[in-house]
K.L.:
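Input: one structure, supplied below.
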Amino acid sequence: MIRTAYKSGITRASLSKRYLGNVSKLYYPEEVTGPVLVSENVPGPKTIELNKKLGEHFDNRATYFVTDYKNSLGNYISDCDGNKLLDVYAQISSIALGYNNPALIKTAQSEDMVNALVNRPALACFPSKEYGQILEEGILAAAPPGMTKVWTALSGSCANETAYKAALMYQASIKRGDNDFTAEELSSVMDNALPGTSDMVIMSFDKGFHGRLFGSLSTTRSKAIHKLDIPAFDWPKAPFPELKYPLSEFEAENRKEEERCLAEFERIIDQWPTQIAAFIVEPVQSEGGDNHASAFFFKGLREISKAKGVLMIVDEVQTGVGASGKFWAHEHWNLPTPPDMVTFSKKFQAAGFYFANPDLQPKQPFRQFNTWCGDPSKALLAKTIYQEVTHYGLVGRTAEIGDYVYGNLQSIFTKFPTQVKNLRGEKFGTFIAFEFNTANERNAFLVAARNKGLNIGGCGDQSVRMRPTLVFEREHADVFLQIVEDTLKQLYP
Amino acid sequence: MGISEQYFPNEPTAPVVATTEFPGPKSQESIAALNKVFDSRASYFVADYEKSLGNYIADVDGNMYLDVYAQIASIALGYNNPALIEVAKSDLMTRAIVDRPAMGNFPSKDLEGIASEILKVAPKGQDKLWSGLSGADANELAFKAAFMWYQGKKRGYTTEFTDAENESVMKNQAPGSPELAILSFKRAFHGRLFASGSATCSKPIHKLDFPSFNWPKAEYPEYKYPLSENEAYNKEEDKRCLTIVEDIFKSWAIPIAALLVEPIQSEGGDNHGSAEFFQGLRDITLKYGAALIIDEVQTGVGATGKFWAHEHFNITPAPDFVTFSKKFQSAGYFFHDSEIVPKHTYRQFNTWCGDPARMILAGAIGSEVTKHDLAARAQEVGAYLFAKLEALQSKYPKLMKNLRGKNRATFIAWSFEEPSLRNKFLADMKTVGVNIGGCAEDSVRLRPTLVFEEKHADILAAAIEKIYSSY
């Protein structure tokens with residue numbers, strides 16, 4: 001039996017800016033108007049059965065549900081039981097334009113895509129005649145202010161690690177000047193020993209998440225389970241501000257907290273026994289709990305790092321591509337000088353890092369190098385995503401919808417003042433989070449919401465994060481808000 | 001009808017040489033433009049993949065090269081293979097591209113079928129799969145699995161972490177982040193990220209200026225060729241290297257969780273090891289409780305005459321991990337022991353956990369290789385080519401030292417006396433329409449597709465002779 005779908009007829013505070021038209025309806029005339037629930041629970045019986053079979057060969061114990069992508073559309077994800085859930089998790093924040101987006105389908109079925117799939121090039125040795133143009137019209141057209149070049153990779157971890165490599169080679173070449181490698185460097189490096197290998201370090205922040213390969217994992221400081229049993233480099237971490245919310249009520253305290261963290265950041269640079277080549281920071285620490293800091297803090301990081309000759313890498317893997325209400329979240333800061341590198345992946349489908357300084361390309365070729373050096377098929381998708389986002393003004397739309405959601409969540413949470421706290425992400429698009437008092441309460445919320453047809457994820461220990469697509473419209477916001485409110489009422493009657 | 005003719009009825013019958021310099025003028029112009037935004041200094045030429053077909057790669061200047069380098073050994077079935085085009089145009093592929101899943105959380109109902117296709121060609125003894133994105137990624141994922149498995153054995157598979165582990169790990173310190181090592185070999189290549197880079201020992205330029213783990217390197221056999229005339233010497237060489245491996249296990253200050261080895265060290269110079277050597281490695285890893293990881297990134301998918309090169313060695317018991325990438329398009333590792341999967345979830349985890357689009361291609365490549373028996377075909381073609389090269393070797397012994405890869409299909413290499421001469425040879429081969437690559441400082445490696453046949457071997461051998469006769 002199909003349970004009643006949530007209706008989006010509730011009256012709410014209207015959007016602050018002019019309504020520009022419904023992009024979601026344009027892309028997805030057939031999108032459902034609310035969740036459709038056919039099984040008693042999510043996951044349903046078919047998921048359980050299919051997942052059991054899959055588990056014989058592939059570790060699938062983290063499965064939420066087995067998904068029917070063919071029947072997913074727009075903001076709604078379908079599971080194999082036929083449930084359709086409003087998706088504000090969107091493949092851990094990596095679906096930009098909704099499921100089965102017609103513009104992406106067109107790109108996926110183009111001759112260019114077929115070519116990119118069946119003739120995958122070793123890009124640095126045998127680039128295709130199209131690659132330059134694909135980059136210029138897509139990834140590079142979307143470059144953050146001040147960035148003019150790109151190096152492509154395959155995932156967020158790999159993007160960050162290639163950026164670390166660029167930083168390490170850059171700093172070493174400054175020290176080395178015009179001298180060639182020494183004989184001692186050339187021989188010691190083959191034993192993984194100094195001076196050929198390096199004792200320089202990459203600094204990151206407490207609760208930061210930058211990936212799970214060995215270099216990136218050494219900078220990841222989110223949760224023990226991400227790191228246990230894996231050898232790590234002895235690299236420094238600085239404290240990240242723990243702000244009090246709402247920000248407007250705690251301005252003085254928060255400023256003090258950010259000043260404390262900046263002082264500690266500077267102290268570590270001065271006192272760490274080896275040179276710090278670069279630091280990496282997320283505009284919002286996402287996996288670590290959606291921890292925000294103000295433009296003041298990030299400007300401070302830029303200023304200190306610039307003065308100390310430490311490179312600044314901004315990790316926009318999760319925050320990039322529109323969700324924050326700017327194309328790149330660090331554009332919220334208005335930095336006086338741009339970061340040295342900006343990394344990307346997830347929603348952009350392609351991965352890599354942006355930069356401007358030509359010296360971030362090592363003097364010798366084949367140092368920042370590997371077989372594929374990226375993937376043209378993903379660069380084609382990034383191009384379409386950029387073009388669609390620009391064409392429909394989806395960044396501005398997301399900023400407006402985010403304001404609408406934020407305002408309404410604020411009023412819903414006034415009814416649950418002791419249970420839900422620290423709403424964050426004001427004026428930050430749909431990049432919104434809130435938290436519960438315990439992990440158990442948070443998890444109960446996620447499960448109960450899923451059973452009402454809302455697919456939503458957690459972050460940190462007890463937070464809930466909203467990561468919808470960029471075609472999340474007011475009617476989706478209304479469904480979302482209604483389910484949040486109903487779930488809270490159910491949990492805290 | 002040959003397989004290349006079946007797939008590519010319009011494949012060129014000979015290379016076309018349209019320019020006198022390489023890269024040609026249009027390539028140079030295009031490389032200069034691209035280099036402003038994307039580091040292109042390593043470019044050989046700018047390719048026109050639309051015009052490339054089968055074993056021939058076209059560049060923007062109108063050259064059409066016979067390609068025996070094949071995107072650094074990563075094109076299995078030739079350019080614009082019709083079977084792969086069909087797969088690329090399928091609805092399954094479209095979905096995989098436009099709705100890329102976070103496979104660990106939201107696997108598609110298509111995934112079971114996609115993974116099954118890959119597992120149909122799993123190495124003997126392996127029945128499980130974890131998926132990554134590149135060779136370096138595949139190896140590092142295998143390292144992580146090996147470390148978790150190794151520590152799990154010490155503490156007990158189901159034993160919970162201690163408070164000390166949970167706290168120290170957030171400082172990147174032991175016991176939570178233990179000091180553990182991967183043992184690899186001198187001249188090995190396993191990738192260029194930080195841990196794979198620590199295991200790589202091919203050339204300084206691959207490693208300089210990067211922090212690395214203090215991981216040991218053993219010696220990989222350095223055989224005398226031809227093998228049939230140097231059996232006793234090479235047997236001693238195996239013994240010598242195995243002794244070094246065991247000594248490292250006994251003496252290295254950091255516990256060694258896994259031994260990582262290529263069936264043929266490819267970037268490092270196409271260095272071969274015998275079945276006895278590999279069985280010796282297996283025996284030592286069992287004795288010391290370490291995992292055996294076979295890196296089949298370059299050797300896998302048919303080019304040695306078996307689908308997986310280590311199947312030539314009949315290693316028993318089967319290796320613990322077999323990593324793959326390149327020709328398979330998808331990357332990851334095969335395994336069989338269920339305790340390789342850690343007890344807790346979210347330990348071997350990331351956003352995408354692979355890419356179904358590439359996994360679909362891997363399945364299709366596996367199925368074509370099986371259907372047309374292309375590994376066996378590569379063995380035949382390889383034997384044919386090897387005989388021709390032997391003939392060239394006897395004519396030009398100084399230009400073709402240590403010809404190797406006999407009975408390893410088209411996975412063939414030889415060396416020059418001087419790196420400069422090797423480099424000249426690689427460049428000169430462009431003038432006769434052949435795209436060919438080197439390995440180590442002084443060697444040439446052949447890495448053609450699996451649809452490289454006798455007629456292509458004839459063109460290649462004639463081209464080599466033409467260049468050699470001019471020296």
Side-chain angles (χ1 to χ4, degrees), chain A residues 53-54 57-64 66-69 80 91-92 99 104-105 108 114-115 117-119 121-122 124-129 132 140 149 154-155 161 168-169 172 186 189-190 192 196-198 212-215 218 224-225 227-234 361 365-366 370-371, chain B residues 33-34 37 39 41-44 46-49 60 71-72 79 84-85 88 94-95 97-99 101-102 104-109 112 115 119 128-129 133-134 140 144 147-148 151 166 169 172 176-177 180 192-195 198 201 204-205 207-212 214 341 345-346 350-351:
Chain A
K53 205 171 161 208
L54 178 63
H57 309 293
F58 193 87
D59 179 13
N60 60 341
R61 295 166 302 159
T63 298
Y64 284 41
V66 176
T67 307
D68 181 347
Y69 289 99
C80 59
Q91 309 303 323
I92 322 183
Y99 294 105
L104 288 181
I105 289 175
V114 171
N115 186 359
L117 287 172
V118 307
N119 303 315
C125 286
F126 308 98
S128 65
K129 63 183 165 65
L140 281 161
K149 298 171 197 291
L154 300 176
S155 68
E161 296 211 356
L168 290 155
M169 290 187 284
L186 292 169
V189 74
M190 302 310 279
N192 290 7
T197 190
S198 175
R212 289 163 168 265
L213 298 172
F214 287 73
S218 293
I225 199 77
K227 293 170 68 72
L228 281 157
D229 294 343
I230 311 300
F233 292 117
D234 181 20
Q361 283 176 0
F366 293 106
N370 54 70
T371 300
Chain B
L34 181 59
V37 296
D39 185 356
R41 294 167 299 163
S43 296
Y44 287 51
V46 174
D48 186 334
Y49 291 102
V60 290
Q71 309 302 324
I72 322 181
Y79 295 104
L84 294 187
I85 289 175
T94 299
R95 273 202 297 284
I97 290 173
V98 306
D99 302 322
N105 282 153
F106 305 98
S108 160
K109 68 175 190 180
E112 160 72 16
L119 284 160
K128 296 178 179 61
L129 173 70
L133 299 175
S134 68
E140 296 207 0
K144 287 182 69 171
F147 289 137
M148 292 188 281
Q151 292 300 87
N166 279 317
V169 74
N172 290 6
S177 300
L180 293 172
R192 291 161 166 264
L193 298 171
F194 287 87
S198 295
C201 194
I205 201 76
K207 293 170 67 75
L208 281 157
D209 298 338
F210 304 132
S212 59
N214 181 22
V341 178
T345 54
Y346 290 102
N350 55 68
T351 300

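Keep in mind that what you see is a predicted model, and the values were worked out from it rather than measured. All chains are named by letter (A, B, ...) in the order of the sequence lines, taking the proteins before the strands, and each is independently numbered beginning at 1.
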K.L.:
Name the one of Val114(A), Asn119(A), Leu117(A), Asn115(A) that satisfies side-chain contact (heavy atoms from CB on, under 4.5 Å) with Ile85(B)?
P.N.:
Val114(A)
K.L.:
Could you check whether the rings of Tyr44(B) and Phe126(A) sit parallel, tilted or perpendicular, using 30° and 60° as the cut-offs?
P.N.:
tilted
K.L.:
Is there a side-chain contact between Leu129(B) and His57(A), using heavy atoms and a 4.5 Å cut-off?
P.N.:
no
K.L.:
Who wins among Pro121(A), Gly132(A), Ser155(A) for the most heavy-atom pairs under 4.5 Å with chain B?
P.N.:
Pro121(A)
K.L.:
Would you say Ser177(B)'s side chain and Ala232(A)'s backbone share a donor-acceptor pair under 3.5 angstrom?
P.N.:
no
K.L.:
Could you report the tightest heavy-atom contact between Tyr64(A) and Tyr346(B), atom names first, then the distance?
P.N.:
CE1-OH, 3.7 Å
K.L.:
Can you find a heavy atom in the side chain of Asn370(A) that is under 4.5 Å from one in the side chain of Ser134(B)?
P.N.:
no
K.L.:
With a 4.5 angstrom heavy-atom cut-off, is it the side chain or the backbone of Leu154(A) that approaches chain B, or both, or neither?
P.N.:
both
K.L.:
If every non-hydrogen atom of Ala224(A) is compared with every non-hydrogen atom of Val169(B), which pair is closest and at what distance?
P.N.:
CB-CG1, 3.6 Å
K.L.:
Kindly give the heavy-atom pair with the smallest separation between Phe194(B) and Glu161(A), and that separation in Å.
P.N.:
CD1-OE1, 3.3 Å
K.L.:
When you measure from the side chain of Gln71(B) to the backbone N and O of Ala122(A), does any donor-acceptor pair fall under 3.5 Å?
P.N.:
yes
K.L.:
With a 4.5 Å cut-off on heavy-atom pairs, point out which of Leu208(B), Thr94(B), Leu119(B), Val46(B) contacts chain A the most.
P.N.:
Leu208(B)
K.L.:
Between CG of Asp99(B) and OG1 of Thr67(A), what distance do you get to the nearest 0.5 Å?
P.N.:
10.0 Å
K.L.:
Which atoms of Leu193(B) are under 4.5 Å from chain A, going by heavy atoms: the side chain, the backbone, both sets, or neither?
P.N.:
both
K.L.:
At a heavy-atom distance under 4.5 Å, which candidate from Leu84(B), Leu133(B), Asn214(B) has the highest pair count against chain A?
P.N.:
Leu133(B)
K.L.:
Just how far is it from atom NZ of Lys109(B) to atom CG of Asp68(A), taken to the nearest 0.5 Å?
P.N.:
4.0 Å
K.L.:
Please name the pair of heavy atoms, one in Pro365(A) and one in Arg41(B), separated by the smallest distance, quoted to 0.1 Å.
P.N.:
CB-CB, 4.1 Å
K.L.:
Is the closest side-chain heavy-atom distance between Lys144(B) and Phe214(A) below 4.5 Å?
P.N.:
yes
K.L.:
Under 4.5 Å, counting heavy-atom pairs only, tell me which of Cys201(B), Pro107(B), Ser198(B) racks up the most with chain A.
P.N.:
Pro107(B)
K.L.:
Can you find a heavy atom in the side chain of Leu228(A) that is under 4.5 Å from one in the side chain of Gln151(B)?
P.N.:
no
K.L.:
Looking at side-chain heavy atoms only, is the closest gap between Met169(A) and Phe210(B) below 4.5 Å?
P.N.:
yes
K.L.:
Would you call Gln91(A) and Asn105(B) a side-chain contact if the rule is heavy atoms closer than 4.5 Å?
P.N.:
no
K.L.:
With respect to chain A, which residue among Asp39(B), Leu34(B), Val60(B), Asp48(B) yields the maximal number of heavy-atom pairs within a distance under 4.5 Å?
P.N.:
Asp39(B)
K.L.:
Restricting to non-hydrogen atoms, name the atom on Pro101(B) and the atom on Tyr69(A) that form the minimum distance, rounded to 0.1 Å.
P.N.:
CB-OH, 3.1 Å
K.L.:
How far does CG of Asp229(A) sit from CZ of Phe147(B), to the nearest 0.5 angstrom?
P.N.:
10.0 Å
K.L.:
Any side-chain heavy atom of Leu168(A) sitting closer than 4.5 Å to one from Pro211(B)?
P.N.:
yes
K.L.:
Please find the pair of heavy atoms, one from Thr345(B) and one from Ala62(A), that lie closest to each other, and give the distance.
P.N.:
CG2-N, 4.3 Å
K.L.:
Mark yes or no for whether Asn172(B), through its side chain, and Ser218(A), through its backbone, hold a donor-acceptor pair below 3.5 Å.
P.N.:
yes
K.L.:
What residues form a side-chain contact (heavy atoms from CB on, under 4.5 Å) with Lys149(A), not counting sequence neighbours?
P.N.:
Phe355(A), Pro358(A), Gln361(A)
